[in-house]
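These notes are about the structure you will find just below.
Start at 1 with the first residue, then count along the sequence. Counting starts at 1 for both ligands and their atoms, in listed order.
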Amino acid sequence: MTDIVLLKGDGIGPEIVSATKKILDAAGADLYYHEFDVGQTSYEKTGELIPQATLDAIKKYKVALKGPVTTPVGKGFRSVNVSLRLAFDLYVNLRPAHSVENISKFGNVDIITVRENTEDLYIGEERKTDGGWEAVKRITEKATDRIIEYAFSYAAAHGRKRVTCVHKANILKNTDGLFLTRFREIAAKYPRILADDKIVDNMCMQLVTCPEKYDVLVAPNLYGDIISDLIAGLVGGLGLVAGANLGKDAAVFEAVHGSAPDIAGKGIANPAALIEAAVMMLDYLGKKEISEKIKSALLKTLENGVCLTPDLGGAATTEEFTEEVIRNIYTFVETRP
Ligand code: NAI
Ligand code: MG
C-alpha cells in the first residue's frame with residue numbers, strides 16, 4: 001500500500017474527492033489515504049487555512065491529492081495553493097491538455113504546459129509610486145534553469161518532439177530576456193528535440209488557430225497561468241483539466257478549477273478533472289498500469305457522451321458519472337488480452 005495525503009477542500013471538493021477515491025479503489029490503486037482539511041472548511045474548524053498537521057502529513061508522505069479550496073474574501077489570507085507551493089518549493093506546474101472526441105472544440109490538441117511556479121509577478125511585491133502602483137516581476141537564473149531543464153527532460157522522457165518557450169523578451173529584455181537566453185542554452189543540450197520560441201501574444205493567436213502544431217510549452221509563471229487556461233478552453237473547459245505541482249521533495253495533484261460554490265452540495269459536479277489529477281499522481285507513483293486503466297475508462301465515458309454531467313451538456317449526477325467510469329474500468333480489465 002502507498003500512503004498519500006487526501007485534501008478534501010471546499011465547495012464541490014468533498015464530492016469530487018469522494019468520487020475519485022471510489023474510482024481509485026475500483027481500479028486497485030492500493031492507496032492508503034490520510035485525510036485532512038484545507039481551506040475554508042479547515043479555517044472554520046481550526047482558524048487556519050492549512051493547519052500544521054496537514055503540512056506535516058505532506059512532508060511525511062510526500063504526495064497529496066487535493067480538492068479545490070475557497071480562499072476566504074478579505075485581507076490577510078494567502079491562497080492555500082500559493083502557500084503549499086512555497087512551503088514545499090513546488091517549482092513545476094505541469095498541465096497536460098488533450099482533445100476529447102465529441103467534447104472538445106478542437107481535435108488533435110495534445111499540449112503539455114510547463115509553468116514556472118515560484119516567482120515572476122506571483123511573488124506579490126507591489127509598491128506605491130507617486131501616481132499609482134508598481135509590481136515586481138522576479139526572474140532568477142536558478143528558477144529559470146530548473147524549469148527549463150524540467151521541460152526538456154520531460155519531453156525527452158515522454159517522446160515529445162518540440163519544446164516552445166513563451167515570453168515577451170522583445171519588451172522585457174532583462175527578465176524575459178534571461179528566460180529566453182537560458183532556454184536557448186539548455187536547448188543546445190537536447191539536439192533531438194526541436195526548440196523554438198514564441199512571443200506570448202502571438203502564442204495565444206497560434207493556439208486558437210493551429211493548436212495541433214504545439215507540443216510542450218515552457219513559460220514563466222504569469223504567461224503559463226494564462227495560456228494553460230486558454231488551452232483548457234480549447235479542449236472542453238476547466239472541468240476536464242488537471243495540474244501537478246511538483247518539487248524535489250513533494251508533489252500536489254489537483255484539478256485546475258475552483259470550488260464551484262454555485263453547485264456545491266447539489267451532486268452534479270464533474271469529477272473528471274480530479275480523476276485526471278489522480279491519473280497523473282499514479283504515473284508519478286510508478287503505478288502506470290492502474291493509471292492507464294483509469295485514463296482509458298474516463299476517456300471512454302467522456303467520448304460515449306451518454307453519461308455526462310450538466311457542465312458538459314448532460315444530465316448525469318456526480319455519482320452516475322462515477323459509476324459509469326467504474327463500469328468502464330471493469331470492461332477494460334475484462335477485454336484485455
Ligand atoms: P470555479 O472554477 O470554482 O467555478 C467557475 C464556474 O465553473 C462555476 O460556474 C462552476 O460551477 C463551474 N465549475 C468549476 N468546476 C466544475 C466542475 N468540476 N463541475 C462542474 N462545474 C464546474 O471558479 P470561481 O467561481 O472563480 O472560484 C470559486 C472559488 O474557488 C474561489 O474561492 C476561488 O478562490 C477558488 N479557486 C480555487 C482553485 C484551487 O483550489 N485550485 C482554483 C481556482 C479558484
Ligand atoms: Mg489560473
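Under a 4.0 Å criterion applied to the non-hydrogen atoms of Val256, ligand 1 contributes the atoms 42 (C). The Thr70 neighbourhood of ligand 1 comprises atoms 32 (O), with distances under 4.0 Å to a heavy atom of that residue. Of all the atoms in ligand 1, the ones that sit under 4.0 Å from a non-hydrogen atom of Glu254 are 41 (N). Within ligand 1, the atoms closer than 4.0 Å to a non-hydrogen atom of Pro261 are 28 (C), numbered from 1 in the order shown. Numbered from 1 in the order shown, with element, the atoms of ligand 1 that lie under 4.0 Å from a heavy atom of Ala260 read 3 (O), 10 (C), 11 (O), 13 (N), 14 (C). Ligand 1 places these atoms under 4.0 Å from at least one heavy atom of Pro68: 40 (O).
Taking both residues in full, the closest heavy atoms of Pro211 and Ile111 are given as O-CD1, 3.6 Å, listed atom of the first, atom of the second, then distance. Across all non-hydrogen atoms, the minimal contact from Lys105 to Gly233 is NZ-O, 4.1 Å. Listed here is the closest heavy atom pair of Leu90 and Ala250: CD2-O, 3.2 Å.
Evaluated by nearest non-hydrogen atom to atom 31 (C) of ligand 1, the leading choice among Ser259, Gly11, Gly237, Ser79 is Ser259. Among Leu312, Asn270, Ile263, the residue whose heavy atom lies nearest to atom 22 (C) of ligand 1 is Ile263. Between Asp311, Asp10, Leu274, Ile12, it is Ile12 that holds the heavy atom closest to atom 16 (C) of ligand 1. Compare Ala269, Gly258, Pro310 by their heavy atoms: the one nearest to atom 1 (P) of ligand 1 is in Gly258.
Side-chain atoms of Lys287 and Thr2 form a donor-acceptor pair, as typed in the model, at a separation below 3.5 Å. Checked by atom type, the side-chain pair Ser228/Arg95 shows a donor-acceptor distance below 3.5 Å. Glu48 and Tyr43 are not linked by any side-chain donor-acceptor pair at a separation below 3.5 angstrom, with hydrogens and angles left out of the test. No donor-acceptor contact under 3.5 angstrom links the side chains of Asn221 and Asn117, judged on distance only.
Residues Lys8 and Glu35 are paired through a salt bridge, judged by an N-O separation under 4.0 Å between the basic side chain and the carboxylate.
Nearest non-hydrogen protein atom to atom 8 (C) of ligand 1 is Asp262 OD2, 3.4 Å. Protein heavy atom at the shortest distance from atom 37 (C) of ligand 1 is Val69 O, 3.1 Å. The shortest contact between atom 39 (C) of ligand 1 and any protein heavy atom is with Asn81 ND2, 3.2 Å.
A cation-pi arrangement, defined by a distance under 6.0 Å to the six-membered ring centre and an angle within 45 degrees of its axis, is present between Arg115 and Tyr122. A cation-pi geometry, defined here as NZ or CZ lying under 6.0 Å from the six-membered ring centre and within 45° of its normal, holds between Lys21 and Tyr33.
Protein N/O/S atoms closer to the Mg ion (ligand 2) than 2.8 Å number 1 in this structure.
Within a 4.0 Å radius of atom 43 (C) of ligand 1, the protein contributes at least one heavy atom. Protein non-hydrogen atoms do not reach within 4.0 Å of atom 26 (O) of ligand 1.
When the options Leu230, Val109, Val166, Asn202 are evaluated for a side-chain contact (heavy atoms from CB on, under 4.5 Å) with Leu207, the one that passes is Leu230.
Separating the CG atom in Asn270 from the CG atom in Asp311 is a distance of 4.0 Å, to the nearest 0.5 Å.
Heavy atoms of Lys66 come nearer than 4.0 angstrom to ligand 1 in at least one pair.
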Practice item. Evaluate the ring pair (Phe, Tyr, Trp, His ring centres under 6.0 Å) criterion for residues Phe36 and His34: first the C-alpha distance (whole Å), next the side-chain angles of each, then the deciding distance (0.1 Å), finally the verdict. Key: CA-CA 7 Å; Phe36 288 90; His34 299 267; 7.4 Å; no

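Note on residues 255-267: pairs passing side-chain hydrogen bond (donor to acceptor under 3.5 Å, both in side chains), not counting sequence neighbours, are Thr70-Ser259.
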